[in-house]
There are 2 protein chains.
Amino acid sequence: MSEKRLFHSVAEQISDLIDEGVFPLGTRLPGERELAERFGVSRVTIREAEIALQAVGKIQIKTGSGVYVSEELPKDPGQLPDVSAFELTEARSMIESEAAALAAKVISDEALDDLQELVSQMSAANDDAATSADHAFHMTIAKASGNKAIVHTIETLWRMREELPKVKKTYGSVCEEDAESRMREHQLILDALKAHNPDDARNAMRAHFFRLISAMLDATEQEALREVQQRASESRERFLTNANLG
Amino acid sequence: MSEKRLFHSVAEQISDLIDEGVFPLGTRLPGERELAERFGVSRVTIREAEIALQAVGKIQIKTGSGVYVSEELPKDPGQLPDVSAFELTEARSMIESEAAALAAKVISDEALDDLQELVSQMSAANDDAATSADHAFHMTIAKASGNKAIVHTIETLWRMREELPKVKKTYGSVCEEDAESRMREHQLILDALKAHNPDDARNAMRAHFFRLISAMLDATEQEALREVQQRASESRERFLTNANLG
DNA sequence: TTTGGTAATTTGGTCGACAAATGGAGTATT
DNA sequence: AATACTCCATTTGTCGACCAAATTACCAAA
């Protein structure tokens with residue numbers, strides 16, 4: 001547990017003191033010499049720790065004045081929030097349905113061909129390959145919307161699906177057994193896109209997520225069920241009605 | 001242009017050398033003493049620069065062995081894409097309208113009071129304060145949706161509005177002259193939320209962005225107009241129809 | 001050929017000193 | 001009395017020298 005570098009240990013201790021409120025936000029913390037004496041290290045080490053802390057945005061160093069605790073703790077921009085699989089799917093249903101409607105109007109023939117190929121790949125026995133094709137399918141539609149803000153948003157939502165352990169687990173338990181229905185739904189979405197029909201595309205996408213949430217609500221393991229038990233009643237009603245066909 | 005801290009300058013130079021390929025990826029770069037001599041600074045400064053570079057993930061320091069250039073350059077997940085103000089507003093219209101519809105069903109009285117207070121603040125002469133209230137207004141609605149994925153998404157979209165120079169400029173040129181209409185639109189949104197009417201809330205939010213896009217299309221300066229001229233015809237038709245009332 | 005230890009190299013840390021910048025106290029001026 | 005200026009104590013910034021710890025390479029002995 002011991003940090004290899006001394007300043008790492010010092011930086012962690014200072015960071016803890018800030019979190020504990022010993023060094024309140026916005027205040028000036030003791031000078032290098034006092035901190036050096038308190039931690040039993042040299043001034044250089046203190047400054048190295050402060051540099052590392054500043055790189056994270058936790059403190060601000062003002063030459064000749066002192067170092068100050070940042071007002072608001074840095075909300076790491078790349079940090080993903082702790083969302084549940086249900087929240088994520090609700091958001092995806094909202095956003096990707098509209099993205100599909102947008103894409104239906106302007107999607108190119110090349111993109112349509114790519115999507116058809118991806119739907120074929122989803123029937124592959126390999127589960128990873130199917131998930132990969134799923135990812136590519138949704139991202140292709142997002143790109144076809146022609147809106148980079150939407151693309152970035154859907155990319156971030158997909159990162160939540162893949163990088164948040166709980167969400168990944170929930171999705172994994174649902175997807176594996178519904179391979180054929182998933183492929184059929186994607187084909188329906190693709191058909192609507194081929195027809196350049198925005199409303200059909202939106203509804204097909206909503207239906208896709210509707211089934212996904214239904215499957216999640218049914219298939220989620222006991223502990224996950226208990227975890228959302230207090231929210232289950234209103235959640236079920238709410239998510240289903242929201243994701244349902246217009 | 002000179003960095004306040006010496007190690008900042010050194011870190012930037014080293015970073016540039018890495019990007020230029022002088023220090024190829026994965027290789028070990030010269031020792032502290034040699035770098036110190038080459039840049040004309042002390043070893044401490046070199047170490048501080050390396051610590052800062054390591055905090056960004058660009059290099060890796062191995063005690064007793066040397067410092068090595070990281071294999072793959074870190075793809076900053078918090079990096080914002082280069083979106084236009086029109087794309088951003090289209091995405092916001094899509095997402096925030098649905099968020100408002102969600103919020104209308106479950107928003108609390110406390111949140112409604114906060115929103116009313118924020119609408120009042122928008123009439124303040126101070127333009128910064130009005131923008132700040134605008135931000136708080138939209139984020140309060142996002143939070144009222146009860147979906148952390150949606151909150152995160154709208155937060156990110158707002159970051160684009162404030163951190164992308166072009167977008168910030170376009171928004172700034174539109175907002176300043178439409179203070180009263182902006183306040184009126186926000187009041188309409190709030191009224192729909194108070195009535196707990198999802199459809200009205202969605203339509204009021206869409207109308208808000210509809211006017212915003214209209215104002216942007218009209219008020220954008222000559223050069224910006226020329227910049228999007230080739231896309232203007234289809235853009236105008238497309239954005240207006242998409243953002244228009246259902 | 002393998003193994004073990006030793007030496008050279010490199011980073012890690014400390015100390016003392018001095019330079020530069022900041023902020024406030026004190027003073028002079030109006 | 002209010003204001004502007006100067007001076008100085010405090011704090012961070014940088015440096016060089018010295019020693020410690022870790023890694024690596026080399027070389028000799030079994």
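Every chain is numbered from 1, with letters handed out A, B, ... down the list of sequences. Because the structure is a prediction, the values reported are computed rather than measured.
Distance CG (A:L6) to C1' (D:dA20): 12 Å, rounded to an integer number of Å. The separation between B:F7 atom CZ and C:dA20 atom C1' is 16 Å, rounded to whole Å. For the pair A:Y68 OH and C:dG23 C1', the interatomic distance rounds to 9 Å; values are reported in whole Å. In this structure, the CD atom of A:Q60 is 17 Å from the C1' atom of D:dT11, given to the nearest Å. What separates CZ of A:R28 from C1' of D:dT10 is a distance of 9 Å, to the nearest Å. For the pair A:E32 CD and D:dC15 P, the computed distance is 15 Å after rounding to whole Å. Atom CD1 in A:I61 sits roughly 15 Å away from atom P in C:dT22 (whole-Å rounding).
Contacts with DNA chain C (heavy atom under 4.0 Å) in residues 40-50 of chain B: B:R43, B:R47, listed by number.
With hydrogens and angles left out, the side-chain atoms of B:Y171 and B:T131 include no donor and acceptor closer than 3.5 Å. Defined by atom type and a distance below 3.5 Å, a donor-acceptor pair is present between the side-chain atoms of B:W158 and B:H135.
Closest approach of B:P24 and B:V22 over heavy atoms only: CD-O, 3.3 Å.
Mapped onto DNA chain C by nearest heavy atom, B:L29 and A:K62 fall at different nucleotides, with B:L29 at the one closer to the 5' end.
Checking side-chain atoms of B:H208 against main-chain N and O of B:A204 turns up no donor-acceptor pair under 3.5 Å.
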Between B:R206 and B:E98, is a salt bridge (Lys or Arg N to Asp or Glu O under 4.0 Å) present by the stated rule, with each step listed? CA-CA 9 Å; B:R206 280 189 188 167; B:E98 296 300 320; 3.7 Å; yes
When you look at A:E163 and A:K168, which way does the salt bridge (Lys or Arg N to Asp or Glu O under 4.0 Å) test go after all the steps? CA-CA 7 Å; A:E163 295 180 20; A:K168 187 170 185 175; over 6 Å; no
